Amino acid sequence: FERTREVEWWGRSVYKSVEAHRDVDEEAASVRGEHRYPTHSLIVYLDVEEGLRAPTCLWVPTDITNGNNYDDDEHNNDEDDNGPWSAFVAVPAVQGRLLVLSGELLHAVPCPVLQWLGNDPLSDDHVVKDHRHHHGTPSSAGAMRRVMVLNLWDDYAPEDEEW
C-alpha cells in the first residue's frame with residue numbers, strides 16, 4: 001500500500017447482480033489497448049441486511065502467489081476468462097468486513113446467490129418463504145448491501161467518467 005498515489009472509489013447500496021469483471025482503466029484499454037489494473041481493490045461492507053449473504057466471488061489464478069499479475073496478452077484476453085484458475089472463493093457480505101484483493105482479479109456478485117447454477121436451481125418447494133432471511137432467494141434482489149469500493153493505483157487513477 002505504500003506505493004499508492006491515487007484512489008478511485010464508488011459505492012452501491014443494494015444487492016444486485018454484477019457480472020464477472022476486472023477493474024480496469026477503460027480508457028487505456030479502449031484507446032491504447034493497454035491493460036491497466038489497480039494494485040489492490042478494497043471492498044468495505046458498510047451495512048448489510050440481516051441474514052443476507054450476497055457474496056463477492058473471486059477467481060484466483062493458479063500462480064498468483066508467484067507474483068504474476070497477468071499483465072500480458074496470454075492471460076488478459078477479456079473474451080476468454082477461463083483460467084488457469086486454482087480457486088473460486090465466495091466471500092459473504094458481512095457488515096464491517098474489509099475484503100482486500102489483488103487489483104487484477106476477476107470478480108463478480110451473483111444475485112440470487114445460486115444464479116450460475118441454471119435457470120431455476122431451486123424449485124418453489126425449496127425457496128425460503130420467510131422474507132426476513134435472504135440466502136440468495138429470488139426475493140433478495142434489492143436488499144440492503146451497502147459497500148464502498150476503493151481501487152488503489154500506484155501511478156494515476158483513471159479519469160472520472162461523465163455522469
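As the structure is a prediction and not an experimental result, all values here were calculated from the model.
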Looking just at side-chain N and O atoms, do Ser102 and Tyr37 make a donor-acceptor pair shorter than 3.5 Å? no
May I ask you to check whether Arg22 and Ser41 show a side-chain donor-acceptor distance below 3.5 Å?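 No pair is found: no donor N or O on one side chain lies under 3.5 Å from an acceptor on the other.
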One pair to check against side-chain contact (heavy atoms from CB on, under 4.5 Å): Ser140 and Leu52. What are the steps and the verdict? CA-CA 8 Å; Ser140 62; Leu52 183 70; 4.0 Å; yes
Excluding sequence neighbours, so at least two apart, what forms salt bridge (charged side-chain N to carboxylate O under 4.0 Å, His left out) with Asp23? none
Give the cluster check for [X] versus [Y]: same hydrophobic cluster or not, with ILVMFWY residues linked at side-chain heavy-atom distances below 4.5 Å.
| X | Y | answer |
| --- | --- | --- |
| Val89 | Val94 | no |
| Trp153 | Val24 | no |
| Leu105 | Val91 | yes |
| Val60 | Leu101 | yes |
| Val18 | Val147 | yes |

Is Arg36 close enough and on-axis enough to Tyr156, meaning under 6.0 Å and within 45°, for cation-pi? yes
Parallel, tilted or perpendicular, judged at 30° and 60°: which one describes the rings of Trp116 and Trp59? tilted
Taking all non-hydrogen atoms of both residues, which atom of [X] and which atom of [Y] are closest, and how far apart?
| X | Y | value |
| --- | --- | --- |
| Asp155 | Arg5 | O-CB, 3.6 Å |
| Cys111 | Lys16 | CB-C, 3.7 Å |
| Pro92 | Arg97 | O-NH1, 2.6 Å |
| Pro55 | Val113 | CD-CG2, 3.6 Å |
| Pro61 | Ser86 | O-OG, 3.5 Å |

Any side-chain heavy-atom pair from Cys57 and Pro110 closer than 4.5 angstrom? yes
Please tell me if the side chains of Ser13 and Met144 come closer than 4.5 Å, counting only heavy atoms from C-beta onward.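 No, their side chains stay 4.5 Å or more apart.
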Measuring from atom [atom1] of [X] to atom [atom2] of [Y], what distance do you get when rounded to the nearest 0.5 angstrom?
| X | Y | atom1 | atom2 | value |
| --- | --- | --- | --- | --- |
| Leu58 | His107 | CG | NE2 | 8.0 Å |
| His40 | Leu99 | NE2 | CG | 11.5 Å |
| Glu2 | Asp154 | CD | CG | 12.0 Å |
| Glu26 | Glu159 | CD | CD | 14.0 Å |

Should Tyr15 and Val109 be marked as a side-chain contact (heavy atoms from CB on, under 4.5 Å) after you check the CA-CA gap, both sets of side-chain angles, and the distance that decides it? CA-CA 9 Å; Tyr15 178 39; Val109 178; 3.8 Å; yes
Any donor-acceptor N/O pair, Arg145 side chain to Ala93 backbone, under 3.5 Å: no
Audit row: Arg3, Thr39, side-chain contact (heavy atoms from CB on, under 4.5 Å) steps and yes/no: CA-CA 9 Å; Arg3 296 185 346 213; Thr39 57; 3.8 Å; yes
ILVMFWY cluster membership beyond Trp9 - transitive side-chain contacts under 4.5 angstrom: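 When side chains under 4.5 Å apart are linked, the cluster holding Trp9 also contains Phe1, Val7, Leu42, Val44, Leu46, Leu98, Val100, Met148, Leu150, Leu152.
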